[in-house]
Protein chains: 2
Amino acid sequence: MASKNREMPDPAFRPHDHSRCRRKVLAAASRHARDQGLRLTPVRRRVLEILLENHRAMGAYEVLERLAREGWGAQPPIAYRALDFLARHGFVHKVRRLNAYVACTRSTHSDPPLLLICRACGRVGEAEGAGISREIGAIAGARGFSVERLGVEALGLCPACAADGGAGA
Amino acid sequence: MASKNREMPDPAFRPHDHSRCRRKVLAAASRHARDQGLRLTPVRRRVLEILLENHRAMGAYEVLERLAREGWGAQPPIAYRALDFLARHGFVHKVRRLNAYVACTRSTHSDPPLLLICRACGRVGEAEGAGISREIGAIAGARGFSVERLGVEALGLCPACAADGGAGA
DNA sequence: GTAGTAATGTTATATTATAACTTGTAATAT
DNA sequence: ATATTACAAGTTATAATATAACATTACTAC
């Protein structure tokens, strides 16, 4: 077992072999789509690839611009529909604080992650949120509230930027 | 001690003496502003009052419309500036999932709450998030990420709407 | 191959938010 | 009291984000 993710810092914040990282996620996504009977069509796949180019979140219009330059439709719904599909099925996460989208790089597309947003470099990491989710569910449940969807976003400084003094990336 | 809030369901989801609820919060806000040297000016106070009319979140333009009808400026910055001020100082919370604002009804304006958003009736409750915040801080910290701001939003059904079968309010 | 369904393309517009500058108001120092 | 300063409110304009509605194309099941 080469990696035991539980106590590893998120790769998003460390130098790593990103082209491998990207390929792995994409392959996993393809498999997941096939298994679930989801249609990971060319645009959708391309949007995922674009988001996977780095660990930053991109706005819908930024994605759209890329698509347009590559010959896809140039109207907002093109990007929004692909992003909505990807988000609905857990391939990407919507970062509400940024009105932007980031590719999910975790192995599971099920439970919602804890998003770690670096305010200096803009990179977004994901921590497993299962424990937190359970706990929040319990707190809410004690108040009679049943949680259906959960979003947890932390804004702060990633290790690298904290080392830089928090000023820049 | 009349109420021990820790294991009480949020009043937002139960019938209660709302005019008392509202007055209490407003009085506490005034006190807080005075103590902190914050200028709770007429527009700002009025915006807080408007949000306090019920436990739902309102969009900035909805607030603006109210202000305009009451003779205040009718341009977006009027509303946004008041809302930004109130949010910066914890008098209201921005509900990112809704792009809307809800008055904070907790006694403390310090730590970030866990927002409970009912998808059926639109009411928003707040649970104390201190424990959760600590835990998230720990998880992030273990990855070298230092959390500065945290947002936790749960979408689901409040007790009343769950009893209704989740269809309406 | 036809019918039904889902995805894409396109036009138009709605919604949310901010920049930049002007005018007013309140606190502070003299 | 009045000049100075700083902050708040008003105004104009526009930027950024998102969706509705409908036409066309592609895939799927029969």
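These values consider heavy atoms only, across backbone and side chains, with no hydrogens, waters or symmetry-generated copies.
- Residues satisfying the salt bridge (charged side-chain N to carboxylate O under 4.0 Å, His left out) criterion with A:Arg66, sequence neighbours excluded, are A:Glu53, A:Glu70.
- Identified under the salt bridge (charged side-chain N to carboxylate O under 4.0 Å, His left out) test for residues 23-41 of chain A, with sequence neighbours left out: none.
- Scanning for side chain to side chain donor-acceptor pair (under 3.5 Å) contacts around B:Arg123 gives an empty result, with sequence neighbours left out.
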Legend entry - Heavy-atom protein contacts under 4.0 Å, nucleotides 23-30 of chain D, coded B base, S sugar-phosphate only, - none: ----S---
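- Residues that satisfy the side chain to side chain donor-acceptor pair (under 3.5 Å) test with B:His93, not counting sequence neighbours, are B:Glu126.
- Residues passing the salt bridge (charged side-chain N to carboxylate O under 4.0 Å, His left out) test with A:Glu128 are A:Arg106, sequence neighbours excluded.
- For DNA chain C, the outermost nucleotides in 5' to 3' order that have an atom under 4.0 Å from a heavy atom of chain A are C:dA6 to C:dT11.
- In this structure, CG of A:Leu83 is placed 14 Å from C1' of D:dT19, rounded to the nearest angstrom.
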Nucleotides 9-15 of chain D: which of its N/O atoms have a protein N/O under 3.5 Å away?
{"from": "D:dA9", "atom 1": "OP1", "to": "B:Thr41", "atom 2": "OG1", "distance (Å)": "2.5"}
{"from": "D:dG10", "atom 1": "N7", "to": "B:Arg81", "atom 2": "NH2", "distance (Å)": "2.3"}
{"from": "D:dG10", "atom 1": "O6", "to": "B:Arg81", "atom 2": "NH1", "distance (Å)": "3.0"}
{"from": "D:dG10", "atom 1": "O6", "to": "B:Arg81", "atom 2": "NH2", "distance (Å)": "3.2"}

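- Partners of A:Gln75 under the side chain to side chain donor-acceptor pair (under 3.5 Å) rule, at least two apart in sequence or in another chain, do not exist in this structure.
- Applying the ring pair (Phe, Tyr, Trp, His ring centres under 6.0 Å) criterion to B:Phe91, with sequence neighbours excluded, gives B:His32, B:His109.
- For B:Glu148, the side chain to side chain donor-acceptor pair (under 3.5 Å) partners at least two apart in sequence or on another chain are A:Arg119.
- With axes fitted over five pairs at each extremity, the angle between the ends of the helix from C:dG1-D:dC30 to C:dT30-D:dA1 is 40° (10° resolution).
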